[in-house]
Amino acid sequence: MASRPPSARASSIRTQKTKQLPSGARRVVGKRSGSGWGRWALGGWLLFVLWLSAGYARLPDVSPLRTQNPRTTALMAQRAEEALEAGKKPRVRQAWVSLGAVAPHVVDAVLISEDARFYQHGGVDWTEVENALEQSVREARLGRGASTLTQQLAKNLYLSTDRSLLRKGKELLLAHRLEAHLSKQRILTLYVNVVEWGEGVYGIEAAAREHFGTSARALSVAQGAMLAGMLPAPRRWLPAQRPEALRIRAGVILGRMEREGRISGAQAREAQAELSRFFGVPPAPGSVAEASTRLPAGS
């Protein structure tokens, strides 16, 4: 029988010696073998922290937003550029209003749709981030984005719609800065006035007039739920096209509003009936709250 080469014999001897070690010693050997990866991970984390620290100092000054309304936003500029590239004339419909000029149930619908814990977090809802990660692992796919209303505002005002980690890092930093310099009410006011609600439609007042021919103050409960339901896909889920996804999501929002006491049971039933008439479908059996519990949160 041919003898094994020296290197193979040495490897076999090392393996045998390792097997003879107590379990605790074997764990130390394993830790040593993986220490290289640990150093790389630690180094990467330190670099990321340094990048965040340096990047925070270079972020735009948000303090003027305390009293000044932005004339335009990064999202508006991006949409205008996209329109020009497609050979179209950029379209902008926007009219600034105070929160007092918006029906309260519409503001509630937006919060329930996009950021139910808006008044409990400091710009990033880590509880929602954890839930979103758990859902992604459980379903083996990327799920909801878990972006807060403040993060969405930061993206609309200053960033692009690309999904890179670099953009997400800037978004987190800007959200922290917005929360540090502005009140919650001011952040909410800015959001409802700049968020996209259709092609070239920005803000709740323009959205109310574009999609329902009325003012933000006069929107019904059902109309407010539909506008809030548009926000995940504002250029695709258009009320005029009666998409099923919008009907379902608006129903979910109405159910949550009823359960949380934002609207009464009678208001919820009336809104559900209006929703059914708008989409031309029979009313759902049972209360809105009962029906919505059977729907996925991200529908």
Side-chain angles (χ1 to χ4, degrees), residues 97 99-121 125 127-128 131-132 135 143-150 152 184-185 187-189 191-192 195 197 203-205 207-208 211-234 237-299:
V97 292
L99 282 183
V102 184
H105 55 257
V106 177
V107 177
D108 286 339
V110 169
L111 288 173
I112 284 175
S113 171
E114 298 302 297
D115 193 354
R117 290 166 47 83
F118 174 66
Y119 288 103
Q120 281 74 54
H121 63 69
D125 188 348
T127 299
E128 185 64 17
N131 292 338
Q135 178 181 327
R144 50 189 173 163
S147 290
T148 64
L149 187 149
T150 311
Q152 293 180 44
K184 286 286 188 179
Q185 289 301 94
I187 291 172
L188 185 54
T189 299
Y191 179 87
V192 298
V195 72
W197 253 302
I204 188 65
E205 183 69 18
H211 300 297
F212 299 112
T214 189
S215 67
R217 190 193 301 274
L219 286 166
S220 69
V221 174
Q223 289 169 339
M226 281 188 275
L227 288 180
M230 289 177 63
L231 290 171
W237 294 353
L238 301 174
Q241 297 178 3
R242 309 299 199 270
E244 179 70 2
L246 178 59
R247 183 187 70 81
I248 293 174
R249 188 171 181 86
V252 171
I253 292 169
L254 289 173
R256 290 177 179 168
M257 291 175 71
E258 180 186 358
R259 288 200 307 275
E260 295 184 15
R262 308 295 181 93
I263 55 176
S264 66
Q267 286 177 304
R269 289 189 294 273
E270 181 181 344
Q272 179 63 29
E274 181 181 344
L275 202 63
S276 298
R277 291 193 300 270
F278 185 86
F279 285 91
V281 299
S287 73
V288 178
E290 290 171 352
S292 68
T293 58
R294 297 192 294 269
L295 298 172
S299 60

Can you list everything that forms a side chain to side chain contact (heavy atoms under 4.5 Å, CB included) with [X]? Sequence neighbours excluded, please.
X: A228; value: A109, V110, S113, I253
X: E114; value: Q152, Y191, L231, P232, R249
X: A101; value: V97, S98, R217
X: A233; value: R236, W237

Give, for atom [atom1] of [X] and atom [atom2] of [Y], the distance between the pair rounded to the nearest 0.5 Å.
X: W197; Y: M230; atom1: CH2; atom2: CE; answer: 8.5 Å
X: D108; Y: I263; atom1: CG; atom2: CD1; answer: 9.0 Å
X: S220; Y: Q267; atom1: OG; atom2: CD; answer: 11.0 Å
X: F118; Y: T150; atom1: CZ; atom2: OG1; answer: 5.0 Å
X: Q272; Y: L254; atom1: CD; atom2: CG; answer: 6.5 Å

Task: All salt bridge (Lys or Arg N to Asp or Glu O under 4.0 Å) counterparts of E205, not counting sequence neighbours - done: R209
Taking all non-hydrogen atoms of both residues into account, name the closest pair between [X] and [Y] and its distance.
X: R242; Y: F278; result: NE-O, 2.8 Å
X: A271; Y: A222; result: O-CB, 3.5 Å
X: G251; Y: L275; result: N-CD2, 3.8 Å

Name all residues meeting the side chain to side chain donor-acceptor pair (under 3.5 Å) criterion together with [X]; count only those two or more places apart in sequence or in a different chain, and write none if there are none.
X: H121; answer: D115
X: E244; answer: R247
X: Q185; answer: Y119

TODO: Test L111 against L149 for side-chain contact (heavy atoms from CB on, under 4.5 Å), laying out the working first.
DONE: CA-CA 8 Å; L111 288 173; L149 187 149; 3.9 Å; yes
Are [X] and [Y] side-chain neighbours, meaning at least one heavy-atom pair lies under 4.5 Å?
X: Q223; Y: V106; answer: no
X: E260; Y: I112; answer: yes
X: L246; Y: P239; answer: yes
X: H105; Y: R262; answer: no

- [ ] Evaluate side-chain contact (heavy atoms from CB on, under 4.5 Å) for I204 paired with L219, printing each intermediate quantity in order.
- [x] CA-CA 10 Å; I204 188 65; L219 286 166; 4.2 Å; yes
